[in-house]
Amino acid sequence: MSKNIIHFQSDKGNAGGVSNYISLLVRSKNLLDIRQKVVVKEINKKSLMLYPNQELIKLDTDYRFFNLIYKVLKIKKILDNDQFYIINSHALRTGLLATLMKLFYGKKFLHTNHGLRFTHKKGLKKFCFLLIEIFILIYSEEYICIRNSDFFLIKRILPKKLFDKKVKIIKLHLDITNNISN
């Protein structure tokens, strides 16, 4: 199997440089041997600027409750043309898509959590978002938090024995002295 990572992101896919972000998170010589492919809704100037060294896959990952399964089938058909090692789902919406890809087709994925959505909800919505988060966590190969607060909250509310090895925290390795202009 090819050493490709497919980065799933929601919305237009040009809101942030997810694959560039993952490159900053990972300090590994092995990453140099892995080709990164980024799913974007549109290939335009902005997406080309955000992902200058990655291959772009035009794919609309937006879904509603009633077309979720149809969307998974469509994504599977499109991704069958792309050999890949693993999917990186970025955020809750694409995490759900990746989880269904795992359940239906056995596609491996890791999930990068950029904030626990259930912490921003109330009542029944809070409970539903928590269940989706747990669902994603159960089926992901790894569940990566980028914030200490999310990592410790997950560790506190979920059974330690079941999720201890799966939930990881990863920090940015930025040299801020080189990024600050005088």
Side-chain angles (χ1 to χ4, degrees), residues 5-22 24-26 36-42 50 57 59-79 84-172:
I5 298 174
I6 304 271
H7 296 282
F8 269 21
Q9 50 191 335
S10 46
D11 196 30
K12 292 182 181 174
N14 62 7
V18 66
S19 67
N20 297 334
Y21 187 71
I22 295 300
L24 293 171
L25 292 174
V26 179
Q36 298 186 53
K37 299 180 179 188
V38 182
V39 169
V40 293
K41 190 172 186 176
E42 301 170 11
L50 283 170
I57 300 171
L59 177 61
D60 182 3
T61 59
D62 193 25
Y63 62 86
R64 302 282 178 254
F65 179 75
F66 295 108
N67 72 343
L68 179 59
I69 302 303
Y70 169 76
K71 186 59 75 165
V72 169
L73 295 171
K74 188 174 179 181
I75 289 170
K76 162 72 166 74
K77 186 176 179 182
I78 291 169
L79 292 184
F84 61 91
Y85 173 69
I86 199 161
I87 295 170
N88 170 36
S89 60
H90 173 82
L92 192 68
R93 288 185 64 78
T94 55
L96 185 56
L97 287 173
T99 302
L100 294 174
M101 293 286 291
K102 166 86 177 215
L103 284 173
F104 295 160
Y105 304 110
K107 303 292 185 185
K108 291 182 183 180
F109 78 100
L110 62 92
H111 182 72
T112 307
N113 172 337
H114 295 80
L116 296 169
R117 301 294 297 160
F118 72 89
T119 61
H120 306 284
K121 306 294 181 192
K122 294 183 186 214
L124 185 58
K125 276 189 175 183
K126 183 177 190 118
F127 182 71
C128 289
F129 275 71
L130 174 62
L131 288 180
I132 293 169
E133 203 76 60
I134 292 170
F135 183 63
I136 292 167
L137 196 150
I138 288 170
Y139 287 99
S140 65
E141 302 298 313
E142 288 188 359
Y143 186 95
I144 302 168
C145 297
I146 64 162
R147 297 190 315 195
N148 286 333
S149 59
D150 294 339
F151 176 77
F152 291 119
L153 179 60
I154 289 172
K155 287 292 198 177
R156 193 171 64 235
I157 63 173
L158 299 175
K160 180 180 167 93
K161 190 175 184 179
L162 188 59
F163 299 108
D164 200 31
K165 293 183 181 181
K166 187 175 281 199
V167 180
K168 310 259 191 276
I169 185 153
I170 196 163
K171 296 182 187 272
L172 283 173

Which residues share a side chain to side chain contact (heavy atoms under 4.5 Å, CB included) with Ser149, sequence neighbours left out: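 Here the qualifying residues are Arg147.
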Closest heavy-atom contact between [X] and [Y]?
X	Y	value
Ile136	His111	CG2-CG, 3.6 Å
Thr61	Thr94	OG1-CG2, 4.1 Å
Val167	Cys145	CG1-SG, 4.2 Å

Within this structure, what is the [atom1]-[atom2] distance for the pair [X] and [Y], rounded to the nearest 0.5 Å?
X	Y	atom1	atom2	answer
Leu131	Phe118	CG	CZ	10.5 Å
Ile157	Leu116	CD1	CG	7.5 Å
Ile144	Phe151	CD1	CZ	11.5 Å
Phe129	Ile134	CZ	CD1	14.0 Å
Asn67	Asp62	CG	CG	8.0 Å
Leu96	Leu68	CG	CG	5.5 Å

Selection residues 122-135 - residue pairs positive for side chain to side chain donor-acceptor pair (under 3.5 Å), sequence neighbours left out: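 Side chain to side chain donor-acceptor pair (under 3.5 Å) check on residues 122-135 returns Glu133-Tyr143.
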Side chain to side chain donor-acceptor pair (under 3.5 Å) pairs, two or more places apart, involving residues 68-77: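 For residues 68-77: Lys76-Asp80.
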All salt bridge (Lys or Arg N to Asp or Glu O under 4.0 Å) counterparts of Arg156, not counting sequence neighbours: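 For Arg156 there are no salt bridge (Lys or Arg N to Asp or Glu O under 4.0 Å) partners, ignoring immediate neighbours.
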Sequence-distant partners of Lys121, salt bridge (Lys or Arg N to Asp or Glu O under 4.0 Å), two or more places apart: none
Any donor-acceptor N/O pair, Lys37 side chain to Ile57 backbone, under 3.5 Å: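 No: the side chain of Lys37 does not pair with the backbone of Ile57.
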Ring pair (Phe, Tyr, Trp, His ring centres under 6.0 Å) against Tyr139, all qualifying residues, sequence neighbours excluded: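 Tyr139: ring pair (Phe, Tyr, Trp, His ring centres under 6.0 Å) contacts with Phe135.
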Kindly indicate whether the side chain of [X], heavy atoms from C-beta on, has any atom under 4.5 Å from the side chain of [Y].
X	Y	answer
Val72	Ile75	no
Leu79	Lys107	no
Phe104	Ile69	yes

Contact list for residues 96-105, test salt bridge (Lys or Arg N to Asp or Glu O under 4.0 Å), sequence neighbours left out: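 Matches after skipping sequence neighbours: Lys102-Glu141.
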Member of Asn148, Asp150, Ile154 meeting the side chain to side chain contact (heavy atoms under 4.5 Å, CB included) criterion with Phe152: Asn148
